[in-house]
Amino acid sequence: MISGQRSDRREWEDPQNAFFLDHISREIPHPGEFGTAAHSAGEEQATSNSVPTPRRLRILHDITACIPASQITCVVGPSGAGKSSLLRLLNRLDSPTSGTIYWRGRSLESYPVRQLRRQVGMLFQFPHLFEGTVEQNVLFGPRLQPSSTSQADGAARQPQATGPALVAELLRMVGLPAELAGRSTEKLSGGEAARVALARALANQPQVLLLDEPTASLDVASRREIEQLILRLQRESGLTVVWVSHDLEQAARVADRVMVIEHGELTAFGRPDVILPAFETQLEADRR
Amino acid sequence: MSTVQLLSTLALVAVSMLLSSWQRLKLEKEIGYATLRTFVQLLAIGYVLSYVFSFNRWYATVAILVAMTLIAAQNAARRGRGIPGAFGRVLLAIALGEGVTLALMLVLHIIAGSPRFLIPVAGMILGNCMVASGLVLNRLKDEIRLRSAEVEAALALGASPRQAIEQVLKGAVRSGMIPTIDSMKTVGLVSLPGMMTGTILAGADPLLAVRYQIMVMLMLSAATTIASISLAMVIYQSFFNRAEQLVLPQAGAHPAGAAGR
């Protein structure tokens with residue numbers, strides 16, 4: 001447990017840590033009458049204790065933690081606790097209201113945001129594929145950047161193929177046949193779409209993969225397959241994975257580290273075999 | 001049309017008022033008030049126009065064009081309530097659609113540079129640009145909400161705001177242009193446009209009226225295309241902050257200081 005621990009100025013420079021979260025809080029304006037704050041996972045369960053101003057919702061409160069490099073960190077907690085909100089900070093889809101996030105020793109703000117997002121890939125609960133073919137989706141990332149394929153450092157995992165060869169290679173990595181490249185994304189099954197979304201994220205050669213319950217919308221069989229696939233890819237390439245899951249059994253299967261978020265606060269952090277049984281016992285107690 | 005004839009048209013008002021009271025629609029007062037406004041507004045603009053036509057100074061014409069453009073932009077921007085900076089951007093788009101179309105028609109000697117031509121033609125252009133811009137804004141507001149996840153998926157892959165919102169923008173631009181294109185397809189079959197009807201009633205040869213109507217249709221399609229596309233190109237930035245994060249309209253201000261570079 002390092003919740004509430006004072007930040008050590010050295011921690012964000014430690015190469016064993018991919019991310020270092022230094023007293024992160026996030027507040028949002030109260031959603032208007034149209035409920036526009038659709039991303040804010042914690043809106044219906046804002047923290048029970050004092051809210052700074054009446055017009056603000058506290059989504060995350062004073063989170064300090066290290067996320068280890070080349071490991072799988074699972075973020076668990078009740079729905080609406082702020083798990084997804086936390087994840088969205090790591091590739092700057094949102095920004096913390098206060099506190100600083102470091103990645104590889106530098107604050108997130110010091111990276112050009114598009115470059116950061118290419119290196120910190122993200123998978124959402126739904127694949128959100130674009131209109132068009134599988135190939136167009138998979139090549140979306142590579143086509144965004146001008147020909148400079150030279151990545152910064154590390155993560156030189158893929159052959160420097162282009163066009164069809166790259167698509168075939170990426171589809172193979174996610175266990176799909178190369179013939180699928182020309183298919184319209186509307187004609188994919190749920191499991192296939194999830195794999196295409198994964199291939200699309202991997203095409204950027206990311207060093208980090210943020211997973212926002214990517215298997216939650218799938219049936220049990222595909223869920224286990226995608227889970228195994230991500231595990232295999234992570235072991236092969238040493239990706240840093242931050243995996244939001246509400247499924248504690250899944251977390252037990254995949255996690256090297258577990259972070260428990262409740263009411264926007266970090267309440268436990270550590271090895272899954274230590275953290276998860278305690279968290280489960282606590283959930284049981286809460287239910288009564 | 002003589003004044004007696006004009007006043008006789010009040011018989012038409014009487015018919016609708018009688019029908020309204022018979023059916024208890026309680027619209028009699030509304031109809032009366034609307035009739036009064038029609039008379040006052042149109043007679044007033046008639047006097048203004050005949051004065052401006054005879055005065056015939058470029059600055060008077062420009063002043064009227066500017067006033068019309070501002071009113072059109074104000075009206076269209078109402079559809080974009082909640083989008084920061086909507087008025088300025090709509091004004092830019094409408095002015096561009098109007099300016100380019102008018103300039104082209106002047107250069108090609110399609111119309112003469114006198115207020116008698118410029119003001120009515122600009123009025124038609126502005127009316128259509130206003131409707132098109134309103135449709136673009138409406139559609140954009142709906143679509144950005146429905147497809148925010150898709151836009152964020154693109155951002156998460158390293159897309160620029162422009163690249164991320166491209167599909168949404170295309171849909172909005174199309175919805176701004178489609179009414180004009182549709183009316184081009186059915187004109188003469190379903191409806192005789194007001195301008196053509198007026199010209200024919202005023203005694204013009206229908207074939208001459210048709211020529212003018214063709215000019216009007218083509219000019220409107222050019223103007224709405226320019227306005228819709230330029231509006232889309234300048235308005236999409238309102239949905240993103242400096243950190244290239246999606247900010248939905250009406251969600252209020254983004255947390256201060258949250259947007260870094």
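Atom set for the values below is all heavy atoms of this structure, side chains included, hydrogens, waters and symmetry mates excluded. Source: prediction; values computed, not measured.
- Side-chain atoms of A:S84 and A:D212 form a donor-acceptor pair, as typed in the model, at a separation below 3.5 Å.
- The existence of a salt bridge linking A:R88 and B:E152 is confirmed by a sub-4.0 Å separation between a basic side-chain nitrogen and an acidic carboxylate oxygen.
- Inspection of the A:R200 and A:N137 side chains reveals an N or O donor paired with an N or O acceptor under 3.5 Å.
- Counting heavy atoms from C-beta outward, B:L135 and B:R139 have side chains that stay 4.5 Å or more apart.
- Interface with chain A: from residues 155-163 of chain B, residues B:L155, B:A156, B:L157, B:G158, B:A159, B:S160, B:P161, B:Q163 qualify, criterion being any non-hydrogen pair under 4.5 Å.
- In this structure, a donor-acceptor pair under 3.5 Å is present between the side chains of B:S20 and B:E28.
- The side-chain heavy atoms of A:E192 and A:L176, taken from C-beta on, include a pair separated by under 4.5 Å.
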